[in-house]
2 protein chains.
Amino acid sequence: MLDAVSRVRRFNRAVTSAVGTLDNSFLGRSRPLGAARVLNAIGHGRSDVAEIRDYLGLDSGLMSRLLRSLEDEGLIETTAREDDARRRMAKLTRAGRREFAAYEALSNAQAEGFLAQHSQREALLAAMDLIASALTRERVALDEMDPRCEEARYCLGEYYAELGRRFKHGFDVSLSRDPDAKDMRRPRGTFLVAMSDTLPIGCVGLKGTDHGYAEIKRLWVAPAARGLRLGRRLMDAAESAARELGITLLRLDTNSALPEAGQLYRSTGWREIPRFNDDPYPDLFFEKRL
Amino acid sequence: MLDAVSRVRRFNRAVTSAVGTLDNSFLGRSRPLGAARVLNAIGHGRSDVAEIRDYLGLDSGLMSRLLRSLEDEGLIETTAREDDARRRMAKLTRAGRREFAAYEALSNAQAEGFLAQHSQREALLAAMDLIASALTRERVALDEMDPRCEEARYCLGEYYAELGRRFKHGFDVSLSRDPDAKDMRRPRGTFLVAMSDTLPIGCVGLKGTDHGYAEIKRLWVAPAARGLRLGRRLMDAAESAARELGITLLRLDTNSALPEAGQLYRSTGWREIPRFNDDPYPDLFFEKRL
DNA sequence: CGAAATATCTGACTAACGTCAGACATCATG
DNA sequence: CATGATGTCTGACGTTAGTCAGATATTTCG
């Protein structure tokens, strides 16, 4: 009754029935679920028909019919793509945007209703994040982003907050060598954000220098995504980017208060070297030749 | 992107697609999902046709057809109930039990596969428990059980473990006054277990004494179920049971290291009284007249 | 250019699910 | 024992989802 498998199955049962009622709430707008899903995919910014079909796992015949029915309702317009007239793009009309907004309102109300029922809000949300990350693990995309964009800033904020919690005397960004954003943009470096669906769950920066090496900075994985080997994926991606940029030597600094990081570096070909900067926070320094 | 509602919706998306693949795994046995669900409901011990229909939310016409198709396959037998020949009972045949076992194996394999993919096993399971409890909150049943049964022993084990964690010097059952099981059985008392689906998530004991009062003992709510007001429900049920048994005075002891318990008692009509026993662990004593 | 590949669309078909009305047997009640 | 209520079953029907083969238009590439 209480073994791990039973607990997973209990979760599955609970969630299956919840998903059922969620789907039903979408039926209130007198439109079959398939058409509603296509409308919502378009509303969420997917416009390429083939991409939507792929995302929703639909047969091309079915997809075509669903698009037609939405078009007949006056909710979407489709046009041939300029660069390839075989492909089609779909976008919402004014009425389509209204209808999409109604679905969004339903989804939001459903989510708010769920949250309102429960007093352990934060614990519940953390649990949901963890499970969503675990379920979508294979679909985590590592996107190259500007280190100043919203997603990157969110990651960095969480990263600093965590250092503040884990370092004995806290962490103050202004005392550390905050890398210049342009050093983490091509062609000097790059900044990678791990996106699970629309939620940033990790990041890493590759910072170019003028000293014959580049540095790995700001490696962070959200608590909800730990244990999925995301740190390793981020590091691999950063190293690949470095190779692309013609970088042959990487360095990084870290702190012994972050043992899992040190372990990751040691197990992936980094070797410890003497201090190479005067940043007050790090006490461990690594190097890796590509 | 990061507000509570978005996080809930991200979870919904992740889980919806996971549930979809789960359902598909059931299609491998060349039987429509509806029939498979009925077969599984019967396999899990539901035999009353009306009850199954209600549980699965099926129309009586559809239900009848699904039963017929399972019967044609030789997987189930239906008989009229002895006490009411209009109602029917369904049970598995030998072949039905084999087929049910195959579905169980599929479910277990799916759950094991999920767990095997992730290294944060315990965190993941705890998150699943929390969410499952939250989703099934309305369906939590308070069942009167023998304090020696498996479910009760599980709850008590968890309860002692938690006291061990929360008391400064740990907790040793043998030093405490472990109530006699028969004092927590009718007619002297009772023992209630809160069951969410098949998982015990809370308990409370009503222990009869020969001193003109009964005691509330072993009030426990699983961490995964806190914030759902289950403690209050358990206490209410225990008080109702006490009234039924003709008990007019209740007492309990607790410890200030469990502040949420003290708060619950104070807010539900209990008043603090002087120590009334020599148990080494409690430092707070309450009484309530019914 | 011509052939092959690609993306979409259309028609024909099927499976699954679900609904509704009415038939039938059985039970509860006055 | 007649009446209405209840639980199940059957037939007729509609919707949704999905599959498959082939038509059409466009692009790619030798």
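Predicted model only: the values in this text are computed from it and were never measured. The sequence lines fix the lettering, A, B, ..., with proteins before strands; numbering per chain opens at 1.
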N/O to N/O distances under 3.5 Å, protein versus nucleotides 23-28 of chain D:
from: D:dT27; atom 1: OP1; to: A:Ala85; atom 2: N; distance (Å): 3.2

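Of the charged side-chain nitrogens involved, at least one lies within less than 4.0 Å of a carboxylate oxygen, so that B:Arg86 and B:Asp84 count as a salt-bridged pair. With salt bridges taken as basic N to acidic carboxylate O contacts below 4.0 Å, none links B:Glu51 and B:Arg87. Here A:Asp48 does not pair with A:Arg88 in a salt bridge; the nearest charged N to carboxylate O distance is not below 4.0 Å. Using a 4.0 Å cut-off between charged nitrogen and carboxylate oxygen, B:Arg68 and B:Glu71 count as a salt-bridge pair.
With sequence neighbours left out, the side chain to side chain contact (heavy atoms under 4.5 Å, CB included) criterion links A:Arg29 to A:Arg31, A:Glu99, A:Ala102, A:Tyr103, A:Leu106. Remark: A:Arg65 pairs with no residue by the side chain to side chain contact (heavy atoms under 4.5 Å, CB included) rule, at least two apart or across chains. Residues passing the side chain to side chain contact (heavy atoms under 4.5 Å, CB included) test with B:Ser47, sequence neighbours excluded: B:Met89.
With hydrogens and angles left out, the side-chain atoms of B:Arg137 and B:Ser196 include no donor and acceptor closer than 3.5 Å.
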Walk along nucleotides 12-20 of chain D from 5' to 3' and tag each nucleotide B, S or - by protein heavy-atom contact under 4.0 Å, base first, then sugar-phosphate.
B---SSSB-

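Screening A:Glu244, A:Met145, A:Glu144 against A:Thr190 for a side-chain contact (heavy atoms from CB on, under 4.5 Å) leaves a single residue, A:Glu144.
A:Arg185 forms no cation-pi arrangement with A:Phe191, by the criterion of a distance under 6.0 Å to the ring centre and an angle within 45° of the ring axis.
Read 5' to 3', the first and last nucleotides of DNA chain C with an atom closer than 4.0 Å to a heavy atom of chain A are C:dA5 to C:dA12.
Considering only side-chain N and O atoms, B:Arg88 lies under 4.0 angstrom from the phosphate OP1 or OP2 of D:dC9.
Spacing between atom CZ of B:Arg68 and atom P of D:dT8 amounts to 11 Å, rounded to whole angstrom units.
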